[in-house]
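Just so we're on the same page: letters track the sequence lines, and every chain starts at 1.
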Amino acid sequence: MNIKPLGDRVVIKMLEAEEKTQSGIVLPGTAKEKPSIAEVVAVGTGILNDEEKKEEIKVGDKVIIAKYVGTEIKMDGNEFTVLALKDVLAIVE
Amino acid sequence: MNIKPLGDRVVIKMLEAEEKTQSGIVLPGTAKEKPSIAEVVAVGTGILNDEEKKEEIKVGDKVIIAKYVGTEIKMDGNEFTVLALKDVLAIVE
Amino acid sequence: MNIKPLGDRVVIKMLEAEEKTQSGIVLPGTAKEKPSIAEVVAVGTGILNDEEKKEEIKVGDKVIIAKYVGTEIKMDGNEFTVLALKDVLAIVE
Amino acid sequence: MNIKPLGDRVVIKMLEAEEKTQSGIVLPGTAKEKPSIAEVVAVGTGILNDEEKKEEIKVGDKVIIAKYVGTEIKMDGNEFTVLALKDVLAIVE
Amino acid sequence: MNIKPLGDRVVIKMLEAEEKTQSGIVLPGTAKEKPSIAEVVAVGTGILNDEEKKEEIKVGDKVIIAKYVGTEIKMDGNEFTVLALKDVLAIVE
Amino acid sequence: MNIKPLGDRVVIKMLEAEEKTQSGIVLPGTAKEKPSIAEVVAVGTGILNDEEKKEEIKVGDKVIIAKYVGTEIKMDGNEFTVLALKDVLAIVE
Amino acid sequence: MNIKPLGDRVVIKMLEAEEKTQSGIVLPGTAKEKPSIAEVVAVGTGILNDEEKKEEIKVGDKVIIAKYVGTEIKMDGNEFTVLALKDVLAIVE
């Protein structure tokens with residue numbers, strides 16, 4: 001099964017806390033705060049069809065996202081978030 | 001009887017919980033939460049007349065929609081929702 | 001007496017509950033909720049002068065409108081609503 | 001003395017209740033509600049200089065206006081309202 | 001000393017109540033309400049450099065302004081208001 | 001040390017109450033109110049690179065600003081405010 | 001590890017209070033207030049690809065930012081803020 005985001009949206013999967021500790025990147029605050037580092041799993045056609053946007057983000061990128069944005073969905077037992085490209089703050093390399 | 005949405009709107013029909021379990025897609029939260037997976041039953045002329053938008057969505061597509069959007073109507077005993085294309089987050093294939 | 005809506009507005013007349021039951025279309029909720037199916041009785045010159053908008057709506061169309069939109073007026077003993085074309089969600093055929 | 005509205009504004013004078021009963025047009029609600037039928041007494045230069053807008057409204061037109069819009073003034077013992085053309089809903093002929 | 005408003009702003013001086021009674025124009029409400037008739041004392045360069053706007057307003061014009069707009073200042077013992085041209089409703093001739 | 005405002009911003013320094021009394025300009029209200037007359041100490045490159053904006057304001061200009069706008073900073077013991085050109089109401093000459 | 005901000009965003013690192021005292025720049029208020037002077041550590045591609053924006057800001061610049069803007073992240077034990085270029089008020093030289 002596949003999710004194809006519409007317009008300038010991406011689908012991301014939040015990374016587990018362990019992964020984030022490994023990479024040395026954590027968000028400030030208590031451990032109960034929702035992590036904001038994620039991996040891109042799908043990119044909308046509005047992005048794929050735009051030369052400039054296509055260079056900014058691609059499947060597999062690790063991204064930092066703004067809090068409280070996007071819509072969460074569950075698929076095949078995993079949780080994903082659909083959000084607008086403009087709510088992706090940065091890519092971690 | 002037929003519903004013809006105006007402008008960039010679509011008409012969708014929420015899918016039953018059974019169908020969603022089959023497809024493995026459910027929304028997070030309690031079982032009482034309103035499901036957000038739906039099937040497109042009508043597409044507005046504003047979409048049909050726009051080459052780019054027409055490729056994004058068509059009747060029969062399974063879509064994920066943002067919560068709390070659109071207007072519900074009942075027709076021939078079924079419930080439908082009329083909503084803007086921009087509130088369709090993604091298509092599930 | 002005649003009402004000529006300005007700009008991209010239309011004037012509609014809410015249909016009686018009986019008519020709606022006949023056509024099989026009702027809004028969800030209690031019987032006390034305000035019906036949202038109406039008939040177009042006048043179309044603004046902003047619509048008549050625009051080829052694309054003129055094809056979308058015309059006098060006599062049965063329309064579904066968003067709740068809580070438009071301004072109600074009484075004329076010759078009947079109640080009408082003046083509202084923007086963008087608040088007409090769909091046409092029922 | 002003369003009022004010359006700026007931009008796309010018009011000046012209107014609310015019609016007396018008697019006139020409205022005569023013409024058969026009243027607003028829904030109690031008799032204490034402010035009437036919303038008025039006569040145009042001045043049209044702004046932004047309208048007069050625009051071919052399309054000039055055709056929509058002219059001095060002497062009977063108009064239906066949205067509630068709670070415009071600014072009231074008194075001149076020579078009469079009350080007038082200055083409001084934007086976009087807040088004039090329709091013309092009654 | 002001189003005030004030169006920036007952009008599409010004007011500087012106005014509220015007229016005394018006596019003047020207004022003379023001219024027959026008063027605002028509705030109690031006598032304690034702030035008067036809204038004023039004289040233009042300076043016009044911004046954004047207006048002076050625009051042929052269309054320049055024709056709408058000039059120093060010396062008597063104007064009706066919306067309530068609660070603009071910023072008040074005192075200069076040489078007089079009170080003035082700096083406000084945007086769009087908040088000038090009409091000119092009284 | 002130097003502040004270089006970005007875009008269409010300016011940096012201003014509020015003038016002392018004494019200066020304002022001298023020039024005869026004071027703001028209405030109690031003496032505790034924050035003064036709104038200031039001197040421009042830096043002009044953003046977005047203004048310097050725009051012929052029209054460059055003519056409107058320059059370092060050394062005495063300006064009247066809207067209340068509650070801009071961000072205050074301290075530098076070398078002095079207080080400054082960084083604000084957008086659009087929040088400068090007028091220049092006092 | 002590297003952060004690559006998307007669009008017209010920059011990543012900044014707040015400067016320690018000691019540094020700021022040295023440079024003579026502090027924000028008004030109590031010592032507990034969050035400092036608003038920072039150093040740019042990364043510049044988004046939307047800025048790098050725009051000739052005009054590229055001249056306004058670069059890595060290493062000391063900047064003054066508006067309060068309460070941006071999203072904080074921790075990386076390699078340091079705290080950073082991702083924010084839009086439009087929220088950078090000025091550069092301190």
Side-chain angles (χ1 to χ4, degrees), chain A residues 5 7-10 12 14-15 17-40 43-44 46-48 50-70 81 83-93, chain G residues 1-17 32-36 38-54 56-61 63 65-88:
Chain A
D8 285 358
R9 290 187 180 93
V10 296
I12 60 172
M14 301 315 292
L15 295 184
E18 285 79 8
E19 288 188 57
K20 263 178 304 173
T21 305
Q22 252 182 306
S23 68
I25 298 178
V26 293
L27 280 201
T30 75
K32 288 183 181 181
E33 274 199 347
K34 199 177 189 173
S36 290
I37 306 289
E39 185 173 337
V40 178
V43 174
I47 297 168
L48 294 172
D50 181 303
E51 279 309 310
E52 214 169 294
K53 287 172 187 162
K54 202 169 80 179
E55 281 183 24
E56 286 210 316
I57 201 162
K58 63 178 186 301
V59 171
D61 278 351
K62 299 280 191 305
V63 294
I64 299 170
I65 66 167
K67 291 183 196 176
Y68 314 122
V69 300
T81 301
L83 79 164
L85 174 59
K86 74 172 173 54
D87 290 323
V88 178
L89 300 175
I91 292 177
V92 184
E93 291 174 332
Chain G
M1 175 160 293
N2 242 325
I3 295 182
K4 189 178 118 191
L6 290 190
D8 285 358
R9 289 186 181 94
V10 295
V11 180
I12 60 172
K13 187 179 180 306
M14 301 314 292
L15 294 185
E16 297 299 318
K32 288 182 181 180
E33 274 199 348
K34 200 178 190 172
S36 290
E39 185 173 338
V40 178
V41 300
V43 174
T45 50
I47 297 167
L48 294 172
N49 292 336
D50 180 304
E51 279 308 310
E52 214 169 295
K53 288 172 186 161
K54 202 169 80 179
E56 287 211 316
I57 200 162
K58 63 177 185 303
V59 170
D61 278 351
V63 294
I65 65 167
K67 292 183 196 178
Y68 314 123
V69 300
T71 299
E72 295 180 16
I73 56 166
K74 261 190 192 170
M75 192 170 75
D76 303 334
N78 292 311
E79 272 185 34
F80 297 95
T81 301
V82 184
L83 79 163
L85 174 59
K86 74 170 174 52
D87 289 324
V88 177

Query raised in the report: If you round to the nearest 0.5 Å, how far is CG of L83(G) from CG of L89(A)?
Result: 10.0 Å
**Report entry** Spacing of I57(A) atom CD1 and K4(G) atom NZ [to the nearest 0.5 Å]
**Finding:** 9.5 Å
Report summary line: Heavy-atom nearest pair, A90(A) first then P5(G), reads CB-CA, 3.7 Å
Query raised in the report: With a 4.5 Å heavy-atom cut-off, do L6(G) and L85(A) have their side chains touching?
Result: yes
**Report entry** Sidechain-backbone polar pair: E56(A) side chain, G7(G) backbone, donor-acceptor under 3.5 Å
**Finding:** yes
